[in-house]
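No hydrogens, no waters, no symmetry mates; every other heavy atom, side chains included, goes into these values.
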Amino acid sequence: MLPRFHLITDCETFDQDALTRLLAVLGEDVEGVAPHVDAVQVRAKHANDREVVAWTRRLVAELSSRGTRVILNDRLDLALAAGAHGVHLGRDDLSVADARALAPAGFLVGATCRGPEHAVNARAEGADYAGVGPVHATSTKDGLPDPLGLDVLAATAREIPAIAIGGITAARVRDVMAAGAHGVAVVAAVWKDPDPPVAARRIAELVHAA
């Protein structure tokens with residue numbers, strides 16, 4: 001099943017402490033209970049390649065029995081080396097078509113899309129889903145365009161399964177899901193909350209109830 005709730009990492013360093021913190025947010029591995037986070041997106045802008053591969057490989061091993069997918073942002077080569085389940089490609093990264101040609105069967109390929117025209121191209125090239133945003137204003141990432149809003153999200157979601165990103169909070173989940181989003185991707189709504197595990201669980205409940 002295509003993941004619906006993506007939790008993006010917010011790690012200053014990729015070490016055991018970061019892994020322990022992430023696993024605490026994901027919760028205990030309880031047999032027969034679906035994970036409340038469907039996918040972890042590893043965002044590693046400032047770590048070196050070896051650190052990213054080693055850390056992601058450990059994360060994949062930790063989550064192997066849970067069904068939680070691990071998606072590495074930007075770098076297909078590192079995703080494949082780490083045994084990740086997918087890659088999420090930005091607008092300036094490797095093309096979706098090239099990634100699809102190199103990736104094994106069943107490997108998830110996501111693409112950042114700013115509107116329906118991008119989504120049409122991403123779908124034609126073989127993307128499984130589009131990260132659509134920023135839907136709302138966000139300070140999590142620099143250099144983003146103005147917020148797209150719910151109308152653009154809705155139009156994009158008609159072309160490809162859309163994962164809404166950018167300023168997504170628990171209070172906004174119902175609106176983005178009602179606009180047609182397949183799911184959401186969050187950073188601050190979980191990591192900046194005083195109780196990240198509870199925040200993640202609440203967002204998951206809202207997403208999966210939609």
Side-chain angles (χ1 to χ4, degrees), residues 1-9 37-57 59-60 63 67-135 138 140-149 151-166 168 176 179-187:
M1 186 179 202
L2 192 64
R4 302 184 71 195
F5 179 25
H6 297 230
L7 177 61
I8 300 173
T9 59
V37 175
D38 303 313
V40 174
Q41 284 193 29
V42 179
R43 177 185 284 176
K45 297 290 187 182
H46 306 296
N48 66 52
D49 292 357
R50 290 188 179 186
E51 289 175 332
V52 173
V53 169
W55 194 86
T56 303
R57 187 176 288 147
L59 179 61
V60 171
L63 300 181
T68 303
R69 309 287 189 88
V70 178
I71 298 170
L72 188 63
N73 283 13
D74 305 329
R75 296 283 300 275
L76 176 65
D77 56 339
L78 302 189
L80 294 175
H85 304 103
V87 67
H88 184 87
L89 300 170
R91 298 290 302 160
D92 297 322
D93 296 330
L94 184 71
S95 73
V96 170
D98 286 337
R100 182 54 73 200
L102 294 168
F107 191 83
L108 292 172
V109 177
T112 295
C113 293
R114 308 293 189 207
E117 66 283 355
H118 293 158
V120 169
N121 292 335
R123 184 188 64 202
E125 291 189 3
D128 295 293
Y129 72 89
V132 181
V135 177
T138 177
T140 302
K141 188 176 180 182
D142 296 329
L144 292 173
D146 292 336
L148 300 176
D151 289 344
V152 173
L153 171 64
T156 308
R158 288 193 286 270
E159 303 297 339
I160 193 172
I163 303 298
I165 186 170
I168 306 300
V176 299
H182 176 76
V184 304
V186 304
V187 185

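Residues A164 and V135 share a closest heavy-atom pair of CB-CG2, 3.9 Å. When all heavy atoms of I160 and A130 are compared, the closest pair comes out as CG2-CB, 3.6 Å. Nearest heavy-atom pair, D74 versus G90, reported as atom, atom and distance to 0.1 Å: OD1-N, 4.1 Å. When every heavy atom of A79 is checked against every heavy atom of G86, the shortest pair comes out as CB-O, 3.8 Å. When all heavy atoms are compared, the tightest approach of A127 to V96 is N-CG1, 3.4 Å. Minimum interatomic distance between S95 and L89 (heavy atoms only, all atoms of both residues): O-CD1, 3.9 Å.
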What's the verdict on side chain to side chain contact (heavy atoms under 4.5 Å, CB included) for L108 and L2, showing C-alpha distance, side-chain angles and the deciding distance? CA-CA 9 Å; L108 292 172; L2 192 64; 3.8 Å; yes
Start with the C-alpha distance between V186 and I8, add both sets of side-chain angles, then the distance that settles side chain to side chain contact (heavy atoms under 4.5 Å, CB included), and finish with yes or no. CA-CA 6 Å; V186 304; I8 300 173; over 6 Å; no
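Atoms CG and CG, from L59 and L63 in turn, are 4.5 Å apart once rounded to the nearest 0.5 Å. Rounded to the nearest 0.5 Å, atoms OG1 (T156) and NE2 (H118) are 9.5 Å apart.
Checked against L7 for a side-chain contact (heavy atoms from CB on, under 4.5 Å), the options V184, T68, V37, D38 give a single hit: V37. Each of T112, I163, L148, I165 was checked for a side-chain contact (heavy atoms from CB on, under 4.5 Å) with V132, and the lone residue meeting it is L148.
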Run the side-chain donor-acceptor check on residues 50-57: report pairs under 3.5 Å with partners two or more places apart or on a different chain.
{"residue": "E51", "atom": "OE1", "partner": "N48", "partner atom": "N", "Å": "3.2"}
{"residue": "W55", "atom": "NE1", "partner": "D15", "partner atom": "O", "Å": "3.0"}
{"residue": "T56", "atom": "OG1", "partner": "V52", "partner atom": "O", "Å": "2.7"}
{"residue": "R57", "atom": "NH2", "partner": "A81", "partner atom": "O", "Å": "2.7"}

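Counting heavy atoms from C-beta on, the side chains of N121 and C113 never come closer than 4.5 Å.
Remark: the backbone N or O of H182 is paired with a side-chain donor or acceptor of R4 at under 3.5 angstrom.
Not counting sequence neighbours, the partners of D77 by the side-chain contact (heavy atoms from CB on, under 4.5 Å) test are R75. Taking the side-chain contact (heavy atoms from CB on, under 4.5 Å) definition, one finds that A39 meets it with P3, H6, R69, I71, sequence neighbours left out.
Counting only residues at least two apart or in different chains, salt bridge (Lys or Arg N to Asp or Glu O under 4.0 Å) contacts with residues 87-97 are absent. Applying the salt bridge (Lys or Arg N to Asp or Glu O under 4.0 Å) definition to pairs two or more places apart or across chains, those involving residues 115-134 are R100-D128, R123-E159. Under the ring-ring contact (aromatic ring centres under 6.0 Å, His included) criterion, the residue pairs touching residues 71-109 are H88-Y129, with sequence neighbours excluded.
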